[in-house]
Peer 1: 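Please read through the structure below; I'll follow up with questions.
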Protein chains: 2
Amino acid sequence: MATLSDVAAEAGVSPTAVSRYLNNRIDLPQATRDRIDAAIAKLDYRPNLLARRLSTGKSEAIALVTPDIANPFFAELAAAVERQAHASGYSVYITSTGGHADAEINAIRRMADSHVDGLIMTTNRVDDGSLAGLLAGRENVVLLDEDIVGVSVPRVFVDNAEGAYLAAKHLIEMGHKDIALIGGPHRLMSVNERLAGFTRAMDEAGLPVRPGWVLLGDYTRDYGAAAASVLLDAVDLPTAILACSDYIAIGVLQVVREHGLSIPGDISLVGFDDMAFAALVDPPLTTIRQPVAAMGELAVKHLLALLEGQTPPAETRLPVELVTRQSVAAPSR
Amino acid sequence: MATLSDVAAEAGVSPTAVSRYLNNRIDLPQATRDRIDAAIAKLDYRPNLLARRLSTGKSEAIALVTPDIANPFFAELAAAVERQAHASGYSVYITSTGGHADAEINAIRRMADSHVDGLIMTTNRVDDGSLAGLLAGRENVVLLDEDIVGVSVPRVFVDNAEGAYLAAKHLIEMGHKDIALIGGPHRLMSVNERLAGFTRAMDEAGLPVRPGWVLLGDYTRDYGAAAASVLLDAVDLPTAILACSDYIAIGVLQVVREHGLSIPGDISLVGFDDMAFAALVDPPLTTIRQPVAAMGELAVKHLLALLEGQTPPAETRLPVELVTRQSVAAPSR
DNA sequence: TTGGCTATGTAAAGCGCTTTACTAGCGATA
DNA sequence: TATCGCTAGTAAAGCGCTTTACATAGCCAA
């Protein structure tokens, strides 16, 4: 690999001149510029980014740490982050942690050690304080999608409460009164908020939120199935289920079918996220759409603003919308 | 941030000693080790990876360049690559290119400039020679999933021909004779091979491959829909369609339904890939499963072998399997 | 003729680490 | 006593770049 010095020698100037020329920090006469350009072309010179980063202390790169890149939600988020970052000349380094606390900590450490300029953090656990400790006080972090309590960095979330409210209201307007909610991990911000939105809709309609019909566990298909089993094995059944993620919804779908019931014939179902498969399942899922791409883009914008010393909003809420398909009908009972 | 020298000063030894101690290149008496450890703890020292990489010329990191991380196939591949690389102490930097030639080239360049030790390349286009030019002769690259002609680096593929053969044979055994194939981009290796496997199965059964029933375009839902429209608007219809990807298959699904036909009642359908949604669509899709995780793991293993100067197999074919669900039935006509 | 300005650069230090040589001191050995 | 070998380190160069401070030549004005 040719180095800057090689180019300088070839062009008959000093390395300083070449460096400053390449970084637009010097005005050179045309003849000199031509010689340098020729030398670069001849030697196929490409600057060593590592050396540059070490020297300047800037990397023009950001990291995205994510629980699981194989999860389409985070994958889409990652794609959006990358698109937006590239548009601003930044590279992005994506890591997935598997959702384990120690892996998250390692990932953050490793990224910091590799000297990325900033970090976008998504998680799907509730933190025990260790993440907060690592992240607190940093000026180059933004939180995306899910909160970490005690970390006062810019945050980009979706309007979770509104989403659940819209979903519940839709069910209520279709005539449902007996509505159950299946949600993600207890105490996770999005879960709290979705539960709150659900409760508000029920309250407004004068409908009770039955404790036995609020099941909190995981944003997974398996948990959806397990929770649906609990619901369906009880003596009285809800006429509708609000699943706090589309993954939960397909678990519900499967179990409902296994119980010989039909959706939406016997039970109506609303999901959350509008993942790509939501339109493809049988029946196509009525769900709450999250603006995934916008979330990723905004997170990058806020991070880059932060890096430039500006002060992006402490918290941004992106709007969600109800997408009606065919998993909701009027109650038959 | 504390540096090595800070630690050395704190511990009352030279930076050399600390460096060599941390890299296990020196035996120090317990007392000295304790002083260094204490200094590290006190200063919360973490080595600067950039500096280390610049100095050693090794990065303990590999890059994965991929057309689109938002595509669950590549996302799953990425997750597997990351898992396996981490297990060997390597970081991985994932980039997606959007499937554009220049973006691919940029990505490869950028990765090379950031001095990753090696590169795993996946693509979904047929190369015009520019990628081949960039990659040819490199000793630290492996190709995954799709070939780039003229690049003689280790390759990890799936047994495409066998997959299509199994799918076609399954249809034939169910009684189908009029079978169409909808495939990805013309001249892409996987497409060629799947077409070949299809043809072999038809030949063995003494069945003709009708040129009008072989449609090549893209591995996308849109193309699947477009191709299905062509097929269904003709005078005589196939009784079965072999879609060379599950994305194509769902496009087909949609169009078949729009034509008032049912799957598998009127037309049987087999997909390829066994993406997560294949089991969720209506009807659940019979498809060919690719061992995605194994592909990613093997690519990493072969790359690391390469980096250690070993010679992994020039080409590995991973087996596929037929997953029967409910999109195939005996022909009604 | 001198002083100063502009144009065109360069020398050298430094980013934080690794690594190759080298060495001071000391006990044991011949 | 001179030498050897071992222990416990160290000095300094180098990875490839950036950046600060300085330098020289030529020209113009006073």
Side-chain angles (χ1 to χ4, degrees), chain A residues 1-40 43-61 89 91 109-117, chain B residues 1-40 43-61 89 91 109-117:
Chain A
M1 247 342 235
T3 73
L4 190 81
S5 301
D6 298 336
V7 171
E10 176 76 24
V13 292
S14 71
T16 313
V18 179
S19 171
R20 296 181 60 188
Y21 168 56
L22 290 178
N23 293 292
N24 289 319
R25 301 221 184 298
I26 196 175
D27 269 335
L28 293 178
Q30 189 62 46
T32 312
R33 295 212 295 267
D34 290 345
R35 290 208 316 281
I36 295 179
D37 289 338
I40 288 175
L43 300 177
D44 189 26
Y45 169 71
R46 324 212 73 237
N48 180 325
L49 255 38
L50 245 41
R52 177 188 304 214
R53 289 174 185 181
L54 178 59
S55 184
T56 59
K58 316 247 92 221
S59 68
E60 307 270 274
S91 297
R109 285 239 149 92
R110 221 183 26 249
M111 290 304 177
D113 294 347
S114 305
H115 286 212
V116 296
D117 293 340
Chain B
M1 241 352 231
T3 74
L4 190 79
S5 300
D6 297 338
V7 172
E10 175 78 24
V13 292
S14 71
T16 312
V18 179
S19 172
R20 298 181 59 187
Y21 167 59
L22 289 178
N23 293 291
N24 289 318
R25 302 221 184 300
I26 196 175
D27 269 337
L28 293 177
Q30 189 62 46
T32 311
R33 295 212 295 267
D34 290 346
R35 287 207 321 278
I36 296 180
D37 289 338
I40 288 175
L43 301 177
D44 189 25
Y45 169 72
R46 324 211 73 234
N48 180 325
L49 255 36
L50 245 39
R52 180 193 304 232
R53 288 175 185 181
L54 179 60
S55 183
T56 59
K58 315 246 93 222
S59 68
E60 309 270 272
S91 297
R109 284 239 150 92
R110 222 185 23 251
M111 288 307 178
D113 295 348
S114 305
H115 286 212
V116 295
D117 293 340

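Convention: sequence-line order gives letters A, B, ...; per-chain numbering from 1. These figures come from a predicted structure and were not determined experimentally.
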Peer 1: If I take atom OH in residue A:Y21 and atom C1' in nucleotide C:dT10, what distance separates them, rounded to the nearest angstrom?
Peer 2: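 Taking atom C1' of C:dT10 as the reference, OH of A:Y21 is at 18 Å.
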Peer 1: Nearest whole angstrom, please: distance from the P of D:dG9 to the CZ of B:R33.
Peer 2: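 Atom CZ in B:R33 sits about 11 Å away from atom P in D:dG9.
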Peer 1: Round to the nearest Å and state the distance from A:I26 atom CD1 to D:dC22 atom P.
Peer 2: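 From A:I26 CD1 to D:dC22 P: 17 Å.
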Peer 1: May I ask you to decide if A:P15's main-chain N or O and A:S19's side chain share a donor-acceptor pair within less than 3.5 Å?
Peer 2: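 Between the backbone of A:P15 and the side chain of A:S19 there is no qualifying donor-acceptor contact (under 3.5 Å).
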Peer 1: Short question: side chain of A:R25, backbone of A:R20 - any donor-acceptor pair under 3.5 Å?
Peer 2: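 No, the answer is negative, given that no donor and acceptor are paired below the 3.5 Å cut-off.
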Peer 1: Report, as a single string ordered 5' to 3', how protein heavy atoms within less than 4.0 Å touch nucleotides 15-24 of chain C: B base, S sugar-phosphate only, - not at all.
Peer 2: BBBBBBB---
Peer 1: Apply side chain to side chain contact (heavy atoms under 4.5 Å, CB included) to the pair A:N48 and A:M1, showing each step before the final yes or no.
Peer 2: CA-CA 9 Å; A:N48 180 325; A:M1 247 342 235; over 6 Å; no
Peer 1: Does any pair with a residue in residues 6-16 of chain A pass salt bridge (Lys or Arg N to Asp or Glu O under 4.0 Å), and if so which ones, sequence neighbours excluded?
Peer 2: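 For residues 6-16 of chain A, and leaving out neighbouring residues, the salt bridge (Lys or Arg N to Asp or Glu O under 4.0 Å) pairs sorted by first residue read A:E10-A:K42.
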Peer 1: Would you mind telling me which of A:R53, A:R46, A:R52 makes a salt bridge (charged side-chain N to carboxylate O under 4.0 Å, His left out) with B:D113?
Peer 2: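 Running salt bridge (charged side-chain N to carboxylate O under 4.0 Å, His left out) over A:R53, A:R46, A:R52 with B:D113 returns exactly one hit, A:R46.
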